[in-house]
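Take a look at the structure below.
As a basis for the values below, the full set of heavy atoms in this structure was taken, side chains included, without hydrogen atoms, waters or symmetry mates. Numbered from 1 within each chain, the chains take letters A, B, ... in sequence-line order.
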Protein chains: 2
Amino acid sequence: MKGFDKLNKAFDSRVRLGVMSILVVNDWVKYGDLKERLSLTDGNLASHIASLEKLSYLEVRKEFVGKRPQTSYKISKTGKRAFEQHLNGLEELLKGKQ
Amino acid sequence: MKGFDKLNKAFDSRVRLGVMSILVVNDWVKYGDLKERLSLTDGNLASHIASLEKLSYLEVRKEFVGKRPQTSYKISKTGKRAFEQHLNGLEELLKGKQ
DNA sequence: TTAAAGTACTTTGTGTTACAAAGTAAATGT
DNA sequence: ACATTTACTTTGTAACACAAAGTACTTTAA
């Protein structure tokens, strides 16, 4: 099946798809913003982010703003490449008979 | 997140995405063809198909060809609608900042 | 006539994942 | 002192993925 083997297991999940879609067009998105935009609980978002981090698909920045901790995420080069591959696969899969 | 809530849990899996992508452009595809085109084991394909059937996303036809059993699948109206919704969601998710 | 192989499953077993809820830690606001 | 905020981690449960083996029936081959 054309395109099928380009699909990346990492992007099966709606949550990780959502995270990547946000990060592919926005740099340095705050943890809290991801949580809110995707309507997720902390534990759920954190675990999905952890799995993307483990694949080096994300860059992480931890800083203090005011005196509050703030974590932000950016898609990495590897992550961007992987995501685009996946989207290519999807497109091929969908536009082609045969 | 725009589009995110249109994503259908049923299509998270690469396998079910593959099945639906094939069926959305081909009517009455044989079980064996699905298996081969997606390089799946019997058990794996059968269980994914069962879950799509349970959602009434597929129509099933069982017949004998020669004297061999042959099962074929076609996407149902519901299935088509659901799949298109999902693809819409994906598109929205990906093309839009904000 | 025993044996192998095809078709479409189901069952079994194991490991992975998803998720909510609760807990943690360090600081701030009241 | 106490609640709140931020960003997690831990815990527990349920769902899911998958390969491999088993089932049932038939056909073809030796």
If you count the non-hydrogen atoms of other residues, nucleotides and ligands that lie under 6.0 Å from NZ in B:K80, is the total more than 12? no

Can you check each nucleotide of nucleotides 25-30 of chain C against protein heavy atoms at under 4.0 Å and return B for base, S for sugar-phosphate only, - for none, in 5' to 3' order? --SS--

Could you check if a side-chain atom of A:R14 sits within less than 4.5 angstrom of a side-chain atom of B:D5, using non-hydrogen atoms only? no

Looking only at the aromatic ring of each residue, does the gap between the centers of B:Y57 and B:Y73 stay below 6.0 angstrom? no

A:K9 side chain reached by A:D12 side chain, heavy atoms, under 4.5 Å: yes

Gap between atom CE of B:M20 and atom CD of B:E84 - 0.5 Å precision: 9.5 Å

Where protein sits on nucleotides 14-20 of chain C, one letter per nucleotide: B base, S sugar-phosphate only, - none, heavy atoms under 4.0 Å: ----SSS

Quick one: are A:R16 and A:L52 in side-chain contact, heavy atoms under 4.5 Å? yes

Would you say that B:F83 contacts B:L23 through its side chain, given a criterion of any heavy-atom pair below 4.5 Å between the two side chains? no

Pick base, sugar-phosphate or nothing for A:K62, based on heavy-atom distances below 4.0 Å to the nucleic acid. sugar-phosphate

Test item: A:S51 and A:E53 side chains (from C-beta on) under 4.5 Å apart, heavy atoms: no

If we only count heavy atoms from C-beta on, is the A:L40 to A:L34 side-chain gap below 4.5 Å? no

Along DNA chain D, first and last positions that approach a heavy atom of chain B under 4.0 Å: D:dA17 to D:dT27

Strictly below 4.0 Å, N to O, side chains only: are B:E59 and B:R61 in salt-bridge contact? no

